[in-house]
Amino acid sequence: MITTRTTNEWLLGAAPIVLVLLLWQGLVSFGYAPATLLPPPVQVFLRMGQQLASATFQQDIAATLFRLFAGFAIAVVLGVSIGIAAAVSPPVNAVVRPIVRVLAPLPKVALYPAFLLLLGFNHESKIMLVAADALFPILLSTYYGATIVEQKLIWSALAAGTPPRDVLWKVVLPAAMPSILTGCRIGLVISCIVVFLAEMITSTDGLGHVLVTAARTFQAVDMFVPLITISLLGLILNGLLQGLRAYLLRGFPSV
Amino acid sequence: MKGALKHLSPALACCGLLLTWQLASLGLKNDSFPTALDSLRAIPPILTDKEALINILASLRRMAIGFALALAFSIPLGLLMGRSRATAAFFNPLLMLVYPVPKAALMPIIMLWLGVGDVSKTLVIFLGVSLPVIYHSFEGAKAVEEKMLWSGAAMGLSAGERLLRIVLPAALPEILTGCRTGLVLALITMVTSEMIARQSGAGNILFNALDMGQYDTVFAMIIIIGAMGICLDAVFETIRRWLVRWSEPQFDMPLSFS
Amino acid sequence: MGVTPIRPGELAGVPLGRRPAEPIIEIDHVSQVFKTSSRRDHTALSNISLSVEEGAFVSILGPSGCGKSTLLYIVGGFVSPTSGTAKMKGKPITGPGTDRGPVFQEFALFPWKSVLGNVMYGPLQQGMNSAKAEARALELIAMVGLTGFEKFYPKELSGGMKQRVALARTLAYGPEVLLMDEPFGALDAHTRTRLQNDLLEIWERDRKTVLFVTHSVEEAVFLSDKVVMMSRSPGRIREVIDIDLPRPRRREELLLDPRYQNYIVEIERMFDDSGDNELPS
Ligand SMILES: Nc1ncnc2c1ncn2[C@@H]1O[C@H](COP(=O)(O)OP(=O)(O)OP(=O)(O)O)[C@@H](O)[C@H]1O
Ligand SMILES: [Mg+2]
C-alpha cells in the first residue's frame, strides 16, 4: 500500500517534467520556435553528455562547486555562531541586531563591484559574495531557533550538572537545529543562484562563465547545458542536505 | 528613552558602518576604494540626473509588478500544495529542479525570445520571487493543525472556504517569511537582470560605472540600491507586523543561563 | 472566615513515631516580584517561610497563579528571589545544582536524544564513563517500567511514558531533593494512579526529600507527610497540615480510611472558605 502510494507519487511528480520536455519538443517540432532560439531537448541532452565528459567543462563545474562550498561553509560557521551569540548574550544582541537589520535586506549583488575592487577578480570576491548572501538566512533562523529554545530544557540540563558554558553547545545548539537546518537550506539555494550570477558577471571559468560565452556567440544549445547542470547540482546538494537533516533531526517531531 | 534608542539603533548601525568604511578606505589608500564621504557626495549628481532617475524608477516599477504577480500566483499554488498531497507530489519535483536555477541567468535566453524590454525583466523577477513564496506557503499550509480544519468542516465551510478562511491566516506568518526572501531575491534578480541586459535600470548604471572605472559612482549606486533594499524591507516589516500581530514571537528576549 | 486550623493529631489517630529530621530546605521570608510587560510590579510570592525536613514528602497545593511553580524554581535555583533567602542544607541557594532535581510538568525531555540518551545525560555529566552511565540508566529505565523502549525518541512515547522518562532522567543523577511541578497533571486518571503508586514505592525505598506541586487534594494527601496550602494575590502560605497516615500507604486501604477522607474534606473545605477559587456569592 505504502509502496504503491510512493510509486504513484513518483509518477505524478515525473509527469510535469515530462510534460515540459514534451512541450519543448513540440515547440521545436511544429516549428513554433526556430532551433537557433530553442534547440530540441535531445540535442541539448546529447550536448550535455558530451560536455560532462570533457575536461574543461569538468573544471568549470569544479570551480563553481569550490566557490559554492567555500562561501556556503563560511556562511554556516559565521551565521550559526553569530546567531547563537546574539540569542544568548544581550550585549552581542545589542550590536548585532541593528547591523543585521541594515545589512540583511541589502541586495548583496550590489556589493559585488565593491568586492571585485577590493578582493580582485579571482575566487575571493565570488566566495565573499556567496558567503554574504547565504549568511543572513542562516543567521536569522539560527537566532530565531535559539530564542525559542524551551527554558526548561536549559534548566533540566543545568540541574543535571551541565556547566553553564557547556549549555550553549549541549542544549541550545541541538535544540535550535531544526531551525538552523531550515536556514541552511535557504542559504544553499541562494548560494547556488549567486555563485552562478557572480560567474556570469565576471569570470574566466565556472558554469556561469560557460553560459555567458555561449550567449555571446549565440550558441543556444550551450546556453542550456550550464543551466541544467546547476539545476541538477542544486537538486543533488539539496538531497544531501535533506539526508543530513533527516539524520540529525531523527528525534524531533515531524521532520 | 530606551525605546527611542531602540528605534535609532538601525540608524546608528548605518553610521557605524559608514564610519568603518571611511576609516578602512583612508587606511587602505586604494584608488578603486573611495571613501564613504566621496561616495555619498557622488549620490546627488545621480539622483538629479533625469535619465538615471527614470532608470531607477523603471527598475522599481518592474520589480513591483513582478513581485505582485508572483504573490498572486504563488500563494494560492503553495497553499493548495500544502493541503493536497497529490498537488504537492505533482509540482514538487519540478519546483525542486527550478529553484536553484538563477532566474537572472535565464535572461540571455528570455531576451532571445522576448527582446530586451520590460517584459523579459519583469518575467525574470516574477520567476525569482515565485519559488520562495511557493515553498514557504507550501510549508506553512502543510503545518496547519488538522483539527482546525476539522472544526472548520464541522461549521460547514466548503473546501475552498477552508483554504481561504483557515489555511491562509494560519499559514500567514510562514507565507510572509517567504515574501521576505522573495523581496530580497527580487532585488538580486532586478540588479543582475539589468546588468546582463545592459540597457537601462539601476543595475545597468552600477555595472557601467564599474566598467568605466567611475568608482565613486559605483559606490554611490551601491548605497542607493542598498537604501532601496532597506526601505523596502522596513515597509514590508511594518506590514508584516501588522498582519501577524497575533502571533508575534517574543523576539527581543535573550535566553537566560544562570 | 470560619477556618479552623488543623492541629497535629486532631484529625489523625495515633501520631507515628517519626524520626527526628534536620531541615534540608529552608525558605526564609522569600518574596518574588515580577515586572509585567506593562511595567507594573506583580507580586507572585509574598514573604514565604517554609522548612522541609530531610526525607519528607511535602506537597504544595493552591489555586492557579498563586506562585507554586515560582517557589519551586526558587528552590531549584533557576530563579532568584527578589528578597529573602532559600537555603539547602544551610547553604544559600545561588543556582541550579545536582542535589536538587526538577521534574517539570512539560517533561522537558531532550528531543534529540533517545530515552537512553536522556536518562544517561546526568550520569555522563557527573563524569561517569559511558559504560557505567549506561548501566545506571538501564537500571532506572527498568525501575520506571520502560525496559524495551531505550531506543525510542520522546516523540514516539505517550504522555505517561514521557513523564516516567523525565522522572528516571532526574533520578539518574541522584539528587537529594526532587522538585516535582504538577508532574501528573496532564495524565489520564488511570496512568496518574499508577504513577503515584510507582512514585511512592520509589520514595519509600530511598526516602528522598520531595517537594511536590499539585492541584489535586487527594493526590497531595495520598502522597505526603505535609501539605502546604497557598493562597493567591499575593501568593502566601495559608496553612501547613501534617498528614499522619501510616506508611507504606496503599490506595485501597486509604480510600476506606476515615482519617484519609477527613483530611480531604477538611482541606477542600478550607479552599472553599478562602474564596480564592470563587466569585463572591
Ligand atoms: N516570568 C514572569 N513574568 C511575570 N510574571 C510572572 C512570571 N512568571 C510567573 N509570573 C506570575 O507569577 C504568578 C505565579 O506564577 P506561577 O507560575 O508560579 O503560578 P502557579 O501557582 O504555578 O500556577 P499554576 O497552578 O497555574 O501552574 C502568576 O500570577 C504569574 O502571572
Ligand atoms: Mg505552575
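Chain identifiers are assigned alphabetically (A, B, ...) following the order of the sequence lines, protein sequences preceding nucleic acid strands; residue numbering begins at 1 within each chain.
- Looking at A:Ile228, neither its backbone nor its side chain comes within 4.5 Å of chain B, counting heavy atoms on both sides.
- Across every non-hydrogen atom of B:Phe90 and A:Pro16, the tightest pair is O-CG, 2.9 Å.
- Looking only at heavy-atom pairs under 4.5 Å with chain B, the residue among A:Leu197, A:Leu211, A:Ile186, A:Val194 that has the most is A:Leu197.
- Only the side chain of B:Val218 comes within contact range of chain A, with heavy atoms under 4.5 Å apart.
- In this structure, the separation between CZ on B:Phe219 and CG on A:Leu117 is 5.0 Å, given to the nearest 0.5 Å.
- Heavy-atom distances place no part of B:Ala227 under 4.5 Å from chain A, backbone and side chain included.
- In this structure, the portion of B:Leu206 lying under 4.5 Å from any heavy atom of chain A is its side chain and not its backbone.
- Atom CZ of A:Phe218 sits in a sparse spot, with 12 or fewer heavy atoms from other residues, nucleotides or ligands closer than 6.0 Å.
- Only the side chain of B:Met195 has a heavy atom closer than 4.5 Å to any heavy atom of chain A.
- With chain B as partner, the option from A:Leu11, A:Val100, A:Leu106, A:Val102 having the largest number of non-hydrogen pairs under 4.5 angstrom is A:Val102.
- Atom OH of A:Tyr112 is separated from atom OG1 of B:Thr192 by 12.0 Å, given to the nearest 0.5 angstrom.
- Annotation: maximal heavy-atom pairing with chain A below 4.5 Å, among B:Asn92, B:Ile188, B:Leu232, occurs at B:Ile188.
- Of the inter-residue distances, the one linking A:Leu188 atom CG with B:Tyr99 atom OH reads 10.5 Å to the nearest 0.5 angstrom.
- When heavy atoms are compared at a cutoff of 4.5 Å, B:Phe236 does not approach chain A at all.
- Interatomic distance, CD1 of A:Ile230 versus CG of B:Leu97, reported as 12.5 Å (0.5 Å rounding).
- Residue B:Leu94 touches chain A through both its backbone and its side chain, counting heavy-atom pairs closer than 4.5 Å.
- Using a 4.5 Å cut-off between heavy atoms, B:Leu17 contacts chain A through its side chain alone, with no backbone atom that close.
- With chain B as the partner, the residue from A:Cys192, A:Ala110, A:Gly234 showing the most heavy-atom pairs under 4.5 Å is A:Ala110.
- The minimum heavy-atom distance between B:Gly226 and A:Pro107, with the atom names listed, is CA-CD, 4.2 Å.
- Top candidate by heavy-atom pairs under 4.5 Å with chain B, chosen from A:Ser191, A:Ala94, A:Ser231, is A:Ser231.
- Top candidate by heavy-atom pairs under 4.5 Å with chain B, chosen from A:Ile193, A:Val171, A:Val212, is A:Ile193.
- When A:Val92, A:Ile201, A:Val95 are compared by the number of non-hydrogen pairs under 4.5 Å with chain B, A:Ile201 comes out ahead.
- In this structure, no portion of A:Arg216 lies under 4.5 Å from any heavy atom of chain B.
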Exercise. Checking side chain to side chain contact (heavy atoms under 4.5 Å, CB included) for the pair B:Ile109/A:Leu227: CA distance, chi angles, key distance, verdict?
Worked result: CA-CA 11 Å; B:Ile109 294 175; A:Leu227 283 173; 3.4 Å; yes
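- At a 4.5 Å heavy-atom cutoff, the contact between A:Leu235 and chain B is made by backbone and side-chain atoms alike.
- For the atom pair CD1 of A:Ile17 and CZ of B:Phe91, the computed distance is 12.0 Å after rounding to the nearest 0.5 Å.
- For the atom pair B:Ile225 CD1 and A:Lys108 NZ, the distance stands at 12.5 Å (nearest 0.5 Å).
- Residue B:Met63 qualifies as enclosed at atom CE: its count of foreign heavy atoms under 6.0 Å is above 12.
- In this structure, chain B has heavy atoms under 4.5 Å from both the backbone and the side chain of A:Ala114.
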